Number of protein chains: 2
Amino acid sequence: MPAKRRARAPVFAALGDETRLSLVAKLCGRRPYSISQLTQGSKLTRQAITKHLRVLESVGIVHSVRTGRESLFEFDPQPIEGVKQYLDFVSEQWDQALSRLKSFVED
Amino acid sequence: MPAKRRARAPVFAALGDETRLSLVAKLCGRRPYSISQLTQGSKLTRQAITKHLRVLESVGIVHSVRTGRESLFEFDPQPIEGVKQYLDFVSEQWDQALSRLKSFVED
DNA sequence: CTAATATGCAACCCGGAGGTTGCTTAATAT
DNA sequence: ATATTAAGCAACCTCCGGGTTGCATATTAG
């Protein structure tokens with residue numbers, strides 16, 4: 001279980017950036033976007049966006065396929081699901097702790 | 001909505017570290033821990049642990065109360081819940097995208 | 001064939017994150 | 001009264017993250 005926790009930190013870290021969060025928001029809603037498309041509207045450089053995409057890719061939130069002269073990025077849900085499980089675990093532990101406290105006070 | 005997303009990046013970032021994840025895991029399960037207690041078993045210095053706790057505190061995942069000569073840290077669930085909402089949003093968008101793709105293919 | 005477009009690669013900058021050590025101060029135990 | 005124990009503060013170090021610029025390369029448009 002702590003092994004799983006260890007594996008999740010990088011996913012959280014990858015989500016810990018505004019730019020990457022907005023990339024995820026775009027990619028989870030529609031099909032593949034090219035790097036240029038994802039750069040449109042951003043104040044950042046194409047290279048900066050590329051770096052962010054590689055970070056997301058490194059933890060499996062996204063994957064890329066090179067087609068012709070452009071590389072298309074697509075969302076991948078698994079890591080997000082994993083991380084949600086961890087958060088559910090935390091919430092559950094907390095609820096149980098509250099329950100224990102409550103029954104202790106009532107005695 | 002993008003304003004909310006902006007506010008969530010720091011929470012994800014705070015969770016994007018193994019040490020802090022394990023601190024959260026401890027704190028969400030039982031009541032207050034002092035800094036010394038949280039340092040027990042860790043290979044890190046008390047000061048390092050303190051810094052991590054301050055990071056968690058800065059995004060509201062945890063709060064501290066000074067009692068006597070020790071300061072006790074306690075878990076706070078709200079930021080985690082907020083972040084879960086964001087992840088649920090992402091999952092939902094993705095599911096909808098899949099649905100649209102499916103009905104497109106079926107036509 | 002040539003120009004334009006989409007990326008990749010590498011060097012470089014800067015600031016902050018994660019960690020340590022050393023010293024000080026406050027509270028409690030003896 | 002004194003020794004311990006719990007923390008806070010500050011300086012310092014190293015390394016990586018986020019960004020940029022510049023140049024090279026591969027596709028595709030005309």
Side-chain angles (χ1 to χ4, degrees), chain A residues 2 5-27 30-74 79, chain B residues 2 5-27 30-74 79:
Chain A
R5 190 193 316 131
R6 200 160 305 144
R8 282 168 185 164
V11 180
F12 280 119
L15 295 175
D17 179 282
E18 274 186 40
T19 302
R20 288 195 292 267
L21 278 191
S22 70
L23 287 173
V24 169
K26 277 187 196 172
L27 286 167
R30 213 192 75 185
R31 256 35 175 112
Y33 278 91
S34 74
I35 296 179
S36 295
Q37 289 173 335
L38 291 168
T39 303
Q40 297 283 352
S42 167
K43 290 166 185 168
L44 300 183
T45 313
R46 169 181 60 87
Q47 287 84 343
I49 299 293
T50 300
K51 282 193 181 181
H52 284 297
L53 288 169
R54 297 301 172 198
V55 172
L56 292 172
E57 190 175 30
S58 73
V59 298
I61 294 180
V62 118
H63 69 274
S64 65
V65 184
R66 185 85 192 236
T67 67
R69 68 177 160 183
E70 55 194 352
S71 69
L72 301 176
F73 282 79
E74 188 168 7
Chain B
R5 189 191 321 131
R6 198 161 306 145
R8 280 162 189 169
V11 179
F12 280 119
L15 296 174
D17 179 282
E18 273 186 42
T19 303
R20 288 195 292 268
L21 276 190
S22 71
L23 287 173
V24 169
K26 277 188 195 171
L27 286 166
R30 211 191 75 186
R31 259 25 176 116
Y33 279 91
S34 73
I35 295 179
S36 295
Q37 289 173 334
L38 290 169
T39 304
Q40 298 282 352
S42 167
K43 290 166 187 169
L44 299 182
T45 314
R46 169 180 58 86
Q47 288 83 344
I49 299 293
T50 300
K51 282 193 181 182
H52 284 297
L53 288 169
R54 297 304 173 196
V55 172
L56 292 173
E57 190 175 30
S58 72
V59 298
I61 294 180
V62 117
H63 70 271
S64 65
V65 184
R66 184 86 192 236
T67 68
R69 67 177 160 182
E70 56 193 352
S71 69
L72 302 176
F73 282 79
E74 187 168 7

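Letters A, B, ... are given to chains in the order of the sequence lines, protein chains preceding strands, and every chain is numbered from 1. Hydrogens, waters and symmetry mates play no part in the numbers below; they use all other heavy atoms, side chains included. Bear in mind that the values here come from a model prediction, so they are computed numbers and not experimental data.
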(request) For D:dA7, take OP1 and OP2 only and decide whether either is under 4.0 Å from a side-chain N or O of B:Ser36. (result) yes
(message) Working to the nearest 0.5 angstrom, can you tell me the gap between A:His52 NE2 and A:Leu44 CG?
(response) 6.0 Å
(request) Please report, rounded to the nearest Å, how far the P atom of C:dT5 is from the CG atom of A:Leu38. (result) 19 Å
(request) Send over the distance from A:Leu23 CG to D:dG19 P, rounded to a whole Å. (result) 10 Å
(request) For DNA chain C, determine which residues of residues 44-55 of chain B have any heavy atom closer than 4.0 angstrom to one of its atoms, and list them numerically. (result) B:Leu44, B:Thr45, B:Gln47, B:Ala48, B:Lys51, B:His52
(request) Start with the C-alpha gap between A:Val65 and A:Glu74, add the side-chain angles, then the distance that decides, and say whether side chain to side chain contact (heavy atoms under 4.5 Å, CB included) holds. (result) CA-CA 8 Å; A:Val65 184; A:Glu74 188 168 7; 5.7 Å; no
(message) What is the distance, to the nearest angstrom, from the CD1 atom on B:Ile35 to the C1' atom on D:dG8?
(response) 9 Å
(request) Indicate the atoms forming the closest heavy-atom contact of A:Gln40 with A:Lys26, along with that distance. (result) O-NZ, 3.8 Å
(message) Can you see if the side chain of A:Ser34 gets near the phosphate of C:dT7 - specifically, an N or O under 4.0 Å from OP1 or OP2?
(response) yes
(request) For B:Val55 and B:Asp17, run side chain to side chain contact (heavy atoms under 4.5 Å, CB included): C-alpha distance rounded to whole Å, both residues' side-chain angles, the deciding distance at 0.1 Å, then the answer. (result) CA-CA 11 Å; B:Val55 172; B:Asp17 179 282; over 6 Å; no
(request) To the nearest 0.5 angstrom, please state how far the CG atom of B:Leu53 sits from the CD1 atom of B:Ile61. (result) 11.5 Å
(message) Using modelled atom types and a 3.5 Å cut-off, is there a donor and acceptor pairing between side-chain atoms of B:Ser34 and backbone atoms of B:Gln37?
(response) yes
(request) To the nearest 0.5 Å, tell me how far B:Leu21 CG sits from B:Leu56 CG. (result) 9.0 Å
(message) Assuming nearest nucleotide by heavy-atom distance, tell me which of A:Thr67 and B:Glu70 is located more 5' along DNA chain D.
(response) B:Glu70
(request) Could you tell me, to 10°, how much the axis swings from one end of the helix from C:dC1-D:dG30 to C:dT30-D:dA1 to the other, five pairs per end? (result) 30°
(message) If I take atom CZ in residue B:Arg20 and atom C1' in nucleotide C:dG18, what distance separates them, rounded to the nearest angstrom?
(response) 9 Å
(request) Decide whether a cation-pi geometry holds between B:Arg30 and B:Tyr33; the criteria are a distance under 6.0 Å from NZ or CZ to the six-membered ring centre and an angle within 45° of the ring axis. (result) yes
(message) By nearest heavy atom, map A:Arg66 and A:Arg69 onto DNA chain C; which one lands nearer the 5' end?
(response) A:Arg69
(message) Could you tell me how far apart A:Asp17 (CG) and D:dG18 (C1') are, to the nearest whole angstrom?
(response) 8 Å
(request) Mind calculating the distance between CD (A:Gln40) and C1' (C:dA6) to the nearest angstrom? (result) 12 Å
(request) Tell me, with the steps shown, if A:Ile49 and A:Thr19 meet side chain to side chain contact (heavy atoms under 4.5 Å, CB included). (result) CA-CA 8 Å; A:Ile49 299 293; A:Thr19 302; 4.3 Å; yes
